[in-house]
Amino acid sequence: MCGIVGIAGDHSRDECLAIVGRMNQSIVHRGPDDEGAWAEDGFGFGMRRLSIIDLAGGRQPIWDGSAGRGIVFNGEVYNYRSLREQLTSRGVGSWTTESDTEVVLKTLVAKGEAGIHDWNGMFAVAAWDKNVKSLLLVRDRMGVKPLYWYWDGQRMAFGSELKAVLAAGSVPRDLDPAALKELFDQAHWRKY
């Protein structure tokens with residue numbers, strides 16, 4: 001199943017690691033095989049892994065050091081082998097794993113956001129560019145792999161489950177009366 005989490009805002013590196021650790025713990029059931037986290041001042045992300053592809057080598061977050069980009073990934077890209085062959089034929093090399101996660105990362109590095117259209121599968125991805133301090137969040141077209149996020153204008157939290165986002169500690173738990181009214185106004189209640 002796997003799961004991803006992360007935060008962005010005005011936290012120190014150590015605070016980011018602590019928050020991401022708490023978020024990861026809230027979704028431990030999504031990935032009992034492995035967990036990973038990475039942080040710097042202002043950003044941190046992590047993941048829980050259920051090992052399916054490349055059991056030994058698919059650890060995350062995974063980085064392309066020369067590009068300064070890293071990702072956490074939940075899901076599966078079905079055509080990753082053919083994408084890997086295409087990238088290799090274009091001169092993209094130095095593969096360190098057999099995982100689809102590395103193919104996703106190298107596609108982003110080689111093609112930018114346009115590479116997303118090459119992925120055939122179900123996925124949620126968080127990609128961090130250390131050089132420009134930029135976060136890219138991507139979910140598959142059908143929304144098979146969930147990706148929830150919260151942004152208050154200064155801080156962001158994201159995760160594969162709402163409880164992971166709430167575990168960040170910066171998300172208010174107040175009910176929104178306008179949203180509740182809209183929900184109930186749209187509901188069709190019947191007596192049976």
Side-chain angles (χ1 to χ4, degrees), residues 1-52 58-65 67-76 99 101 104-105 108 113 116 122-140 142-184 186:
M1 183 181 324
C2 300
I4 63 174
V5 299
I7 58 164
D10 58 356
H11 306 288
S12 71
R13 177 184 180 277
D14 289 342
E15 289 171 324
C16 285
L17 282 173
I19 295 167
V20 167
R22 190 169 62 237
M23 294 171 78
N24 253 347
Q25 188 60 36
S26 76
I27 60 168
V28 70
H29 61 280
R30 294 185 71 94
D33 297 331
D34 194 15
E35 114 179 84
W38 180 89
E40 65 182 10
D41 288 347
F43 179 77
F45 63 179
M47 56 74 62
R48 295 294 315 189
R49 182 171 185 232
L50 175 65
S51 301
I52 296 172
R59 301 215 59 198
Q60 296 181 43
I62 188 168
W63 287 91
D64 183 311
R69 294 184 95 175
I71 67 167
V72 289
F73 170 79
N74 172 30
E76 184 177 358
S99 73
T101 305
V104 167
L105 173 61
L108 285 174
E113 290 181 25
I116 294 165
M122 54 179 184
F123 49 82
V125 180
W128 178 246
D129 187 327
K130 293 191 304 186
N131 300 320
V132 295
K133 307 296 186 217
S134 173
L135 174 64
L136 174 67
L137 294 175
V138 181
R139 185 175 84 165
D140 64 85
M142 298 301 291
V144 174
K145 292 299 178 182
L147 183 60
Y148 300 95
W149 57 274
Y150 169 81
W151 168 249
D152 68 4
Q154 295 181 340
R155 290 184 172 182
M156 172 178 244
F158 63 88
S160 294
E161 292 188 16
L162 284 173
K163 67 179 169 182
V165 175
L166 291 172
S170 59
V171 179
R173 293 175 180 242
D174 301 333
L175 290 177
D176 181 343
L180 280 175
K181 181 180 181 333
E182 183 177 335
L183 173 69
F184 289 121
Q186 292 177 9

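Given the structure is predicted, the values throughout are model-derived calculations rather than measurements.
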Margin query: Using side-chain heavy atoms (C-beta onward) and a distance below 4.5 Å, is L108 in contact with V138?
Written below: no

Item checked: I4 and L147, any side-chain heavy atoms less than 4.5 Å apart -> yes

Next item on the list: To the nearest 0.5 angstrom, please state how far the CG atom of N24 sits from the CZ atom of R30.
Entry: 11.5 Å

Margin query: Minimum heavy-atom separation for V165 and G159, please, with both atom names.
Written below: CG2-N, 3.6 Å

Next item on the list: Return yes if some donor-acceptor pair links the side-chain N/O of Q154 with the main-chain N/O of D10 below 3.5 Å, else return no.
Entry: no

Check: Given side chains that start at C-beta, do those of F43 and K133 come closer than 4.5 Å, heavy atoms only?
Finding: no

Margin query: Looking at every non-hydrogen atom in both residues, tell me the closest pair between N131 and D129 and how far apart they are.
Written below: N-OD1, 2.9 Å

Notebook entry, point to check: If we only count heavy atoms from C-beta on, is the L137 to F158 side-chain gap below 4.5 Å?
Noted result: yes

Checklist line | Closest contact, heavy atoms only, V5 versus A164 | finding: CG1-CB, 3.8 Å

Margin query: Return the CD to CD1 distance between E161 and I27, rounded to the nearest 0.5 Å.
Written below: 6.5 Å

Next item on the list: Locate the shortest heavy-atom distance separating K145 from A124; write the atom from each residue and the value.
Entry: CB-N, 3.8 Å

Check: So, does R139 use its side chain to make a donor-acceptor pair with the main chain of P146 at under 3.5 Å?
Finding: no

Notebook entry, point to check: Looking at side-chain heavy atoms only, is the closest gap between R155 and I7 below 4.5 Å?
Noted result: no

Next item on the list: Take atom CH2 of W149 as the centre, draw a 6.0 Å sphere, and report whether it contains more than 12 heavy atoms from other residues, nucleotides or ligands.
Entry: no

Check: Would a 4.5 Å heavy-atom cut-off, applied to side chains only, mark P172 and Y150 as touching?
Finding: yes

Notebook entry, point to check: Quick one: CZ on R173 to CG on L166, what's the gap to the nearest 0.5 Å?
Noted result: 4.5 Å

Notebook entry, point to check: Sub-3.5 Å donor-acceptor pair from the side chain of R48 to the main-chain atoms of G3, do we have one?
Noted result: no

Notebook entry, point to check: In Å and rounded to the nearest 0.5 Å, what is the CD1 to OG distance from I62 to S99?
Noted result: 5.0 Å

Checklist line | Closest approach of P61 to G36 (non-hydrogen atoms, all atoms of both residues) | finding: CD-C, 3.8 Å

Next item on the list: Answer whether the closest heavy-atom distance between the side chains of V72 and T101 falls below 4.5 Å.
Entry: no

Note to self: Nearest 0.5 angstrom please: L105 CG to D64 CG, how far?
What the structure shows: 5.5 Å

Next item on the list: List the atom of A37, the atom of V20, and the distance in Å for their closest heavy-atom pair.
Entry: CB-CG1, 3.9 Å

Item checked: Presence of salt bridge, K130 and E40, under 4.0 angstrom -> no

Next item on the list: Would you check if the side chain of D41 reaches a backbone N or O of R13 as a donor-acceptor pair within less than 3.5 Å?
Entry: yes

Check: What distance separates W151 CH2 from M156 CE, expressed to the nearest 0.5 Å?
Finding: 7.0 Å

Checklist line | Note, L136 side chain near V125 side chain (heavy atom, < 4.5 Å) | finding: no

Item checked: F45-W128 aromatic ring centre distance below 6.0 Å -> no

